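Quick caveat: nothing in here was measured; it's all calculated off a predicted structure.
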Amino acid sequence: MEDTEGEGLMPVLRGSDLLADLPLPAGVSEIEVKDWKTVPSSHLRVKDVIDLAKLIRELSQSFDGIVVVQGTDTLEEISYMIDLLYGGSAPVVFTGAMYPPRFIGSDAKRNLFNAIRVASCFDAIGQGALVVMNDEVHSAVEVIKLKSFGVDAFSSLPFGPIGVITPKGVEFRRKLLKREFYETEDLEEKVALVKTCFSMNPDTLDLFISSGYKGIVLEAMGCGNVPPVLVPSIREAIRNGIPVVLSSRCSGSDIVPIYGYEGGSLYLVREGVISAGRLNGLKARIKLMVLLGITRDLEELKERFS
């Protein structure tokens, strides 16, 4: 991003601009730049990410590692979608900047340099899509953006980053127990995300149901509770074959089906609502979009989310 003639920050920088004056990390002999799109990350659509996944799979056959530079607005969503669609072993490392290159104290070049270091790191092989920001390595499955400004905007609550970057090198401190890969290009874009709140009414939920949406993710209170006024609409959605997935609006928190009252987490699971586990609403929506490209069977969707 650059401020162009007083018009505000605009995405005008090319890959070669970002790499200008950037030294090659130790062990990296060559970097090839591919300018894919120069747009704000908030402008990207599902078809764009499908194209990006194709490009990454193609590049992974010829390169030891891949770095994707994008805006941070949708970084946690797009990196996770790529994680689900990629399936390869060559490291794919996403990065961005909280402050543009010309800002004092910009993190742009530091993040890019560190991302290249991670993409060339042996321990990053087979780790799926990673996100590098602020000297930390995050899994795309866990990373969330907590702040609109600040170099420490990204986190992996509640466990923390899977690795750190120091002057000595890249240090992975843990690994995820499993990876998911879904070979599909038929993603479902009509998946709604509804945040529940105090004293809400079901109008928004009803609108998505009547508008032909194919899936709904509810960001519930606490460990999976919603106002009881939503229950009839939830039942209607499930009755019409629309999967309803439950996530928590609390960052880094699990859905725990223990409350049996109407609208409680256990009550909803018994009604056929699917638990997203620890995935937040944004990532649960991404996963449901991908899974609906494979199956529309509610029981199979429940199994894949579990």
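- For CZ of Phe122, the number of neighbouring non-hydrogen atoms (other residues, nucleotides, ligands) closer than 6.0 Å is 12 at most.
- A side-chain donor-acceptor contact under 3.5 Å links Asn240 to the backbone of Glu236.
- Under a 3.5 Å cut-off, the side chain of Lys109 and the backbone N or O of Ala20 do form a donor-acceptor pair.
- Under 4.0 Å is where a charged nitrogen must lie from a carboxylate oxygen, and between Glu189 and Lys47 no such pair does.
- The pair Arg174-Glu142 meets the salt-bridge criterion, with a side-chain N (NZ, NE, NH1 or NH2) lying under 4.0 Å from an Asp/Glu carboxylate O.
- Using a cut-off of 4.0 Å between Lys/Arg side-chain N and Asp/Glu carboxylate O, Glu185 and Lys54 are scored as salt-bridged.
- A salt bridge links Lys195 and Glu219; the closest N-O separation between the charged side-chain nitrogens and carboxylate oxygens is under 4.0 Å.
- In Asp135, the CG atom is crowded: over 12 heavy atoms of neighbouring residues, nucleotides or ligands sit closer than 6.0 Å.
- At most 12 heavy atoms of other shown residues, nucleotides or ligands fall within 6.0 angstrom of atom OH in Tyr259.
- Counting heavy-atom neighbours within 6.0 Å of Lys214 NZ, excluding the residue itself, gives a total of 12 or less.
- When the shell of 6.0 Å around CZ of Arg110 is examined, it contains 12 or fewer heavy atoms from other residues, nucleotides or ligands.
- Judged purely by atom type and a 3.5 angstrom limit, Ser60 uses its side chain to pair as donor or acceptor with the backbone of Arg57.
- Without hydrogens or angle criteria, Asn111 side chain to Asn134 main chain gives a donor-acceptor distance under 3.5 Å.
- Proximity of a side-chain donor or acceptor of Arg179 to a complementary backbone N or O of Gly126 within less than 3.5 Å is detected.
- In this structure, Arg270 places its CZ atom where only 12 or fewer heavy-atom neighbours from other residues, nucleotides or ligands lie under 6.0 Å away.
- Side-chain atoms of Ser106 come within 3.5 Å of backbone atoms of Pro100 as a donor-acceptor pair (strictly under, hydrogens ignored).
- Remark: Lys190 does not engage Glu188 in a salt bridge, criterion side-chain N to carboxylate O under 4.0 Å.
- Without hydrogens or angle criteria, Thr184 side chain to Gly293 main chain gives a donor-acceptor distance under 3.5 Å.
- In plain terms, the two heavy atoms of Ser41 and Gln70 that are nearest each other are CB-NE2, 3.7 Å.
- Between the side chain of Ser248 and the backbone N or O of Cys250 there is at least one donor-acceptor pair closer than 3.5 Å.
- Ionic pairing of Glu171 and Arg173 is present here: one or more N-O contacts between side-chain nitrogen and carboxylate oxygen are shorter than 4.0 angstrom.
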